[in-house]
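Worksheet: one structure, shown below.
Chain identifiers are assigned alphabetically (A, B, ...) following the order of the sequence lines, protein sequences preceding nucleic acid strands; residue numbering begins at 1 within each chain. Only this structure's heavy atoms are used, side chains among them; waters, hydrogens and symmetry mates stay out.
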2 protein chains.
Amino acid sequence: MVQICGDCRVRDRSICGSLSDEELETLNHLGRNRHLHKGETLLWAGEEALVCANLLSGVLKVSAATADGREQIVGLLYPSDFVGRPFAEEAEQSVTALTEVDLCVFPRKPFEAALEHHARMERLLLRRTLAALDEARARMLLLGRKTAGEKLATFLLDLAGHLGQRCSEGDTSFDLPLTRAEIADVLGLTIETVSRQMTKLKQEGLIDLPSGRQVTIRDRHALEERAEVA
Amino acid sequence: MVQICGDCRVRDRSICGSLSDEELETLNHLGRNRHLHKGETLLWAGEEALVCANLLSGVLKVSAATADGREQIVGLLYPSDFVGRPFAEEAEQSVTALTEVDLCVFPRKPFEAALEHHARMERLLLRRTLAALDEARARMLLLGRKTAGEKLATFLLDLAGHLGQRCSEGDTSFDLPLTRAEIADVLGLTIETVSRQMTKLKQEGLIDLPSGRQVTIRDRHALEERAEVA
DNA sequence: CGATGGCTTGATAGCGTTCAAGTCTAGTGG
DNA sequence: CCACTAGACTTGAACGCTATCAAGCCATCG
């Protein structure tokens, strides 16, 4: 048997980290490693939600759409994040890979059963879900009440928190895992507005854009002020 | 001792409904009935989150605000809904009464301990939190991608689902527990836009407004189309 | 070297905001 | 019973932010 959990890259940070070695046995049998290519979709909104998963590497988007096809990205998932929606027959949002992605996938029903028998894991999932709710609500404030410039500033600080590497002069730097179109779908804007606000932040010296997909935060304090965080 | 739980109006619908009579004893000691006047705030964003609660009657808003005071209502709570944020020292959103409100309030820390000992209640809370997350994400689609008219149509259908009474001719009718300003804060709009869209929906025959605060849904199907629900 | 997809930039338009009256309703006191 | 008031609501006019439409740029890749 392959020792999936034994050398798991995110074991200590995922909800499985709560389990003892013996308990992990159960999940070890349940879980399957799976790779998703950029653009591939794991769960479709409106379809039966067959699986849950832990994200091992890469970035996933969770997205909803209107009847006529307008899209809104309602969440981003990073390594060690929990993926999916236990206890719902039908997924309300789609889950799609923004980069190459590795997952540890569980069939939903057996995973739900496993939750019942591993109170600590269930507890961790509750805490994560509560945190995700707080995050979603913060994003609601962004979508409903912030201007384009404030939205972008908030978003870049968010990304820096997840992907940021300390670089020269104490600045933070990272590569965008999203295209402008995807950023627009996160912020409830259009590509053009995202692009314009990006260059504006650069011109004002708050950020630098060495190349299209790289971002360096030059003035974190000013960016935080721009973000209008409470 | 007062039999708080014995004659609880929402016992069978709240997360306490999962408990046996003996288990309820624990909560019975913990819970206190509390009344909130319209406009009173139970939890302040940024302050220590001292309590959780079950909502017995009335409507609560959960709201976030930017540094400069713009407000976004990120959730509405109805009778039997769970109130508060276990496992967080500090509340990220405020909780305020939109109407006269009755609550069954628990001090947070002891409530968290009770959760640990009552797996079924914890499980129910997890399910509710997951549902709340789905709801928040649906609202993100509304805020980011829907027009003012679509926002209002969606919102009125939402309210009808919670408060609607079947009235003559099979139409659904209800009283708004929110002012126009509060509706605006839910939908990420201004008072004036809400008012204009309201009269527009009335003129088009989708709804009727017998008085300022009463709403009758005349053409549910058309309203659903307008709402652009997936 | 041309094609493609992602990105930027410019010009214009429109939706929703802002500012400003004005109306309606409920509650209060004469 | 009727002014009077205050708050909620509606309506109108003008503005501005962001969307829309339209080129054009730039890197990558065949």
Fill in the blank from the handout: Taken to the nearest whole Å, CD/Gln214(B) to P/dA8(D) is 18 Å
Handout entry: Neighbour count above 12 (heavy atom, 6.0 Å) for Glu204(B) CD
Key = yes
For nucleotides 9-15 of chain D, list the nitrogen or oxygen atoms of the protein found under 3.5 Å from its nitrogen or oxygen atoms, one pair per line.
unit_1: dC9(D); atom_1: OP1; unit_2: Arg213(B); atom_2: NE; d: 2.8
unit_1: dC9(D); atom_1: OP2; unit_2: Arg180(B); atom_2: N; d: 2.8
unit_1: dT10(D); atom_1: OP1; unit_2: Arg180(B); atom_2: NH2; d: 3.1
unit_1: dT10(D); atom_1: OP2; unit_2: Arg180(B); atom_2: NE; d: 2.8
unit_1: dT10(D); atom_1: OP2; unit_2: Ser195(B); atom_2: OG; d: 2.6
unit_1: dT10(D); atom_1: O5'; unit_2: Ser195(B); atom_2: OG; d: 3.0
unit_1: dG12(D); atom_1: N7; unit_2: Arg196(B); atom_2: NH1; d: 2.9
unit_1: dG12(D); atom_1: O6; unit_2: Arg196(B); atom_2: NH2; d: 3.3
unit_1: dA13(D); atom_1: N6; unit_2: Arg196(B); atom_2: NH2; d: 3.4

Practice task
Consider only side-chain N and O atoms of Asp171(B) and Thr216(B), and report whether a donor and an acceptor are under 3.5 Å apart.
Solution key: no
Exercise for the section: Answer yes or no: is there a donor N or O on one side and an acceptor on the other, between the side chain of Gln72(B) and the main chain of Ser63(B), under 3.5 Å? Expected result: no
Practice task
Pick base, sugar-phosphate or nothing for Gly188(B), based on heavy-atom distances below 4.0 Å to the nucleic acid.
Solution key: sugar-phosphate
Exercise for the section: Decide side chain to side chain contact (heavy atoms under 4.5 Å, CB included) for Asp175(B) and Leu163(B); before the verdict, give the C-alpha distance in whole Å, the side-chain angles of both, and the deciding distance to 0.1 Å. Expected result: CA-CA 8 Å; Asp175(B) 278 21; Leu163(B) 308 171; over 6 Å; no
Problem - Lys38(B) side chain vs Leu98(B) backbone, donor-acceptor pair below 3.5 Å - result: no
Practice task
Scan side-chain atoms only and decide if Lys146(B) and Thr66(A) contain a donor-acceptor pair under the 3.5 Å cut-off.
Solution key: no
Problem - Selected nucleotide, minimal atom distance to Thr147(A) side chain, candidates dA19(D), dT18(D), dG16(C) - result: dT18(D)
Practice task
Give a yes or no answer on whether the side chain of Ser80(B) reaches the backbone of Leu55(B) with a donor-acceptor pair at less than 3.5 Å.
Solution key: no
Practice task
Evaluate whether atom CD of Gln214(A) has more than 12 neighbouring non-hydrogen atoms of other residues, nucleotides or ligands under 6.0 angstrom away.
Solution key: yes
Handout entry: Lys151(B) side chain to Leu187(B) backbone, donor-acceptor under 3.5 Å
Key = yes
Handout entry: Spacing of Gln197(B) atom CD relative to dG16(C) atom C1', expressed in whole Å
Key = 9 Å
Practice task
Quickly work out the Leu187(A) CG to dC17(D) C1' distance and round it to whole Å.
Solution key: 16 Å
Fill in the blank from the handout: Rounded to whole Å, CD1 of Ile183(A) lies from P of dG6(C) at a distance of 13 Å
Completion exercise
Whole-Å distance, Glu182(A) CD to dG6(C) C1', equals 11 Å
Fill in the blank from the handout: To the nearest angstrom, the CG-C1' distance between Leu189(A) and dT20(D) comes to 14 Å
Problem - Interatomic distance where CG belongs to Leu152(B) and P belongs to dC15(C) [whole Å] - result: 17 Å
Practice task
Take atom CZ of Arg145(A) and atom C1' of dT17(C), then tell me their distance rounded to the nearest Å.
Solution key: 11 Å
Sub-3.5 Å pairs of nitrogen or oxygen atoms, protein against nucleotides 27-30 of chain D:
none

